[in-house]
Q: 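Just dropping this structure here.
Letters A, B, ... are given to chains in the order of the sequence lines, protein chains preceding strands, and every chain is numbered from 1.
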2 protein chains.
Amino acid sequence: MPITIASTQQPVLKEQSPLASIDLLLSMGATYQSYKKGEIIFKEGAYCRYYHQLVSGTVVWHNVDDLGKEIIQAIIVPGESFGELPLFDDKPYAAGAVAMQQSLVLRLPKELFLELLKEDYDMHMALNRKMAERLRFKFMLLQAVSQATPEGSICMLLNYLKQEQKHICTGCGLINLTRQQIADLLGLRVETVIRVTRRLHEEGRLLIENRKLFYV
Amino acid sequence: MPITIASTQQPVLKEQSPLASIDLLLSMGATYQSYKKGEIIFKEGAYCRYYHQLVSGTVVWHNVDDLGKEIIQAIIVPGESFGELPLFDDKPYAAGAVAMQQSLVLRLPKELFLELLKEDYDMHMALNRKMAERLRFKFMLLQAVSQATPEGSICMLLNYLKQEQKHICTGCGLINLTRQQIADLLGLRVETVIRVTRRLHEEGRLLIENRKLFYV
DNA sequence: GCTGGCTTATGCTTACAGTCATAAAGCGGG
DNA sequence: CCCGCTTTATGACTGTAAGCATAAGCCAGC
């Protein structure tokens with residue numbers, strides 16, 4: 001028995017307050033950088049020279065393996081930093097970043113960024129919180145992919161997104177991810193996600209309304 | 001054609017220099033805590049009151065799902081911190097910690113630890129490096145579990161361990177993990193790891209010498 | 001030195017995720 | 001408004017990882 005309650009609200013995604021204040025970054029010498037849809041911001045394995053913070057648009061932080069499966073590490077929304085690992089360990093980027101739509105990014109050269117961290121303890125802790133959040137997400141994902149069934153994996157991911165109010169409309173529960181993106185987060189195939197979500201809908205655990213997923 | 005070169009060296013695991021100096025922690029008020037094999041150090045979901053650093057022994061940081069599959073998040077060796085996420089975001093522990101052998105841990109109360117971070121920038125950055133390292137490990141694991149075949153997953157993990165000199169003897173390449181632990185890191189079954197490692201051995205990509213795995 | 005639990009091992013069976021092919025619906029850009 | 005790309009959808013087939021049973025080897029602790 002599929003749920004069929006029509007959702008009438010406007011989709012609303014939770015706003016992220018910027019990790020670092022835009023004024024602060026600008027005063028330190030950060031510059032705006034604009035990227036077209038599909039444009040590469042940095043590549044996996046490249047040397048890192050900047051701190052990046054998304055101002056508007058969407059960015060996917062991912063790996064693409066030998067040929068050509070995509071593994072999504074994070075989908076970045078405005079206000080978030082990304083590609084920050086090399087700033088701490090001086091290793092190359094662990095994953096690449098690509099603009100999913102026209103996007104605006106604030107870039108602060110690495111040395112200036114490290115100065116900022118040293119001077120601004122609150123900023124430093126804000127970044128620590130972001131890294132802790134990323135790690136928690138990874139902990140959850142690894143549990144999710146270890147589930148016996150794809151149902152298990154997908155439900156675990158959806159529960160987390162709902163709980164954390166990420167990529168989900170706070171009002172209506174609209175999941176702001178394509179089935180392909182869900183697949184790429186969990187290491188599944190699109191067809192599997194399509195079939196499982198349909199089954200979840202039939203079981204009444206999920207709502208599909210003209211192809212869009214709602215999780216309440 | 002299996003490799004059959006006998007390894008004669010003594011197994012040597014890379015020493016970790018302690019994340020925070022033991023003297024520093026003690027001077028801040030840290031205390032030693034001893035745990036017997038199998039003893040729980042903290043549980044997933046519990047509230048966090050301490051910074052933990054392993055002095056001797058081994059600790060596994062893991063989740064155990066509804067019934068009773070284990071997902072290993074990290075295997076902690078002396079010198080490493082663990083359970084540090086809640087120190088930054090005040091959420092409960094994302095995973096539990098259990099002593100795998102008789103272990104000695106230095107514990108510093110959370111408030112004192114945060115004071116230490118504020119005062120000691122180098123210590124703060126050392127912890128950031130550790131978190132970056134953990135995130136890189138997770139990035140790799142998620143790529144590994146997304147591989148099409150268990151061979152792919154296992155080889156990716158082993159390559160990483162070799163490259164990072166973790167849980168592997170620097171001289172002889174002895175993998176210091178049981179097949180069960182490899183399975184629990186990758187979300188596979190023991191039997192699968194056993195069969196795949198045997199196949200890798202037969203293909204000459206791995207050495208098994210009286211049941212122990214050597215990766216060179 | 002014995003004993004029990006963990007680790008490694010192997011065979012058999014089965015469910016099902018992946019794969020491929022095909023197609024319709026939706027959307028964005030010119 | 002139309003065209004093309006992305007996304008969703010569905011059917012048929014297949015390989016294989018999981019699951020279960022069983023057993024031997026190994027080590028730790030009493």
Side-chain angles (χ1 to χ4, degrees), chain A residues 2 11 36-38 57-58 60 65 67-72 98-102 144-154 174-202 206-214, chain B residues 2 11 36-39 57-58 60 65 67-72 98-103 144-154 174-202 206-214:
Chain A
K36 287 198 283 281
K37 181 176 175 170
T58 321
V60 62
D65 75 3
L67 256 119
K69 189 171 158 57
E70 180 180 10
I71 293 104
I72 297 183
V98 174
M100 289 169 65
Q101 337 163 350
Q102 169 78 348
V145 299
S146 297
Q147 296 292 308
T149 65
E151 278 89 337
S153 306
I154 292 174
L174 173 69
I175 306 286
N176 202 29
L177 297 170
T178 67
R179 288 154 179 74
Q180 182 68 65
Q181 289 172 331
I182 294 174
D184 291 342
L185 281 164
L186 292 169
L188 300 171
R189 307 291 129 174
V190 204
E191 295 95 324
T192 302
V193 175
I194 289 171
R195 288 188 250 258
V196 168
T197 48
R198 184 163 57 80
R199 196 156 61 232
L200 289 172
H201 171 62
E202 282 158 9
L206 186 70
L207 170 62
I208 302 184
E209 210 168 78
N210 60 350
R211 303 170 151 230
K212 289 197 273 286
L213 302 177
F214 295 85
Chain B
K36 287 198 283 281
K37 181 177 178 170
E39 204 174 339
T58 321
V60 63
D65 74 4
L67 258 120
K69 189 172 160 53
E70 180 179 9
I71 293 105
I72 298 182
V98 174
M100 290 170 64
Q101 338 163 351
Q102 168 78 348
S103 295
V145 299
S146 297
Q147 296 292 308
T149 65
E151 278 88 338
S153 306
I154 292 174
L174 173 69
I175 305 286
N176 203 27
L177 298 170
T178 67
R179 287 153 180 74
Q180 182 69 64
Q181 289 171 330
I182 294 174
D184 292 342
L185 281 164
L186 292 170
L188 300 171
R189 308 291 129 173
V190 203
E191 295 95 324
T192 303
V193 175
I194 289 171
R195 287 188 252 259
V196 169
T197 49
R198 184 163 57 80
R199 196 155 60 234
L200 289 172
H201 171 62
E202 282 158 8
L206 186 69
L207 170 62
I208 302 184
E209 209 166 79
N210 61 349
R211 302 170 150 228
K212 289 198 273 286
L213 303 177
F214 295 85

Q: Between dT7(C) atom C1' and Leu177(B) atom CG, what is the distance in whole Å?
A: 14 Å

Q: Can you tell which of Asp184(A), Leu185(A), Leu186(A) makes a side chain to side chain contact (heavy atoms under 4.5 Å, CB included) with Leu188(A)?
A: Leu186(A)

Q: Expressed as a whole number of angstroms, how long is the span from Met100(B):CE to dT7(C):C1'?
A: 13 Å

Q: Between Glu209(B) (CD) and dA9(C) (P), how many Å, whole number?
A: 13 Å

Q: Have a look at Arg195(B) and say if it touches a base, only the backbone sugar-phosphate, or nothing, with a 4.0 Å heavy-atom cut-off.
A: base

Q: With axes from five pairs an end, tell me the bend angle of the helix from dG1(C)-dC30(D) to dG30(C)-dC1(D), nearest 10°.
A: 70°

Q: For Gly187(B) and Ser146(A), which heavy atoms make the closest approach, and how far apart are they?
A: CA-OG, 3.5 Å

Q: What's the CG-P distance between Leu186(A) and dA17(C), to the nearest Å?
A: 13 Å

Q: Return a single string for nucleotides 21-30 of chain C, one symbol per nucleotide in 5' to 3' order, where B is base contact, S is sugar-phosphate-only contact and - is none, cutoff 4.0 angstrom on heavy atoms.
A: ----BS----

Q: Could you report the tightest heavy-atom contact between Leu206(B) and Phe214(B), atom names first, then the distance?
A: CD1-O, 3.4 Å

Q: Please report the distance, rounded to the nearest Å, between CZ in Arg189(A) and P in dG15(D).
A: 17 Å

Q: Answer yes or no: does a side-chain N or O of Thr192(A) lie under 4.0 Å from OP1 or OP2 of dA17(C)?
A: no

Q: Please find the pair of heavy atoms, one from Val190(B) and one from Gln180(B), that lie closest to each other, and give the distance.
A: CG2-OE1, 2.7 Å

Q: Does a donor on one side chain and an acceptor on the other come within less than 3.5 Å for Gln147(A) and Ser153(A)?
A: no

Q: Closest to the Ile194(A) side chain: dT8(C), dA18(D), dT10(D)?
A: dT10(D)

Q: Begin from the C-alpha positions of Arg195(B) and Arg189(B) and carry the test side-chain contact (heavy atoms from CB on, under 4.5 Å) through to its verdict.
A: CA-CA 10 Å; Arg195(B) 287 188 252 259; Arg189(B) 308 291 129 173; over 6 Å; no

Q: Between Glu202(B) and Arg198(B), does any NZ, NE, NH1 or NH2 come within less than 4.0 Å of an OD or OE carboxylate oxygen?
A: yes

Q: Gln180(B) has an atom CD; how far is it from atom P of dG19(D), in whole Å?
A: 12 Å

Q: Choose from dA9(D), dT8(D), dT8(C) the nucleotide whose nearest atom is closest to any side-chain atom of Thr178(B).
A: dT8(C)

Q: In whole angstrom, give the distance that lies between atom CD1 of Ile208(A) and atom C1' of dT7(D).
A: 13 Å

Q: At under 4.0 Å, does any side-chain N or O of Arg179(A) touch on OP1 or OP2 of dT8(D)?
A: yes

Q: Return the value, rounded to whole Å, for the distance between atom NZ of Lys69(B) and atom C1' of dA17(D).
A: 12 Å

Q: Return the set of residues passing salt bridge (Lys or Arg N to Asp or Glu O under 4.0 Å) with Arg211(B) (not counting sequence neighbours), or none when no residue passes.
A: none

Q: Of the candidate nucleotides dG18(C), dA17(C), dT8(C), which contains the atom at the shortest distance from the side chain of Arg199(A)?
A: dA17(C)

Q: Any heavy-atom pair between the side chains of Leu213(B) and Ile208(B) that's under 4.5 Å?
A: yes

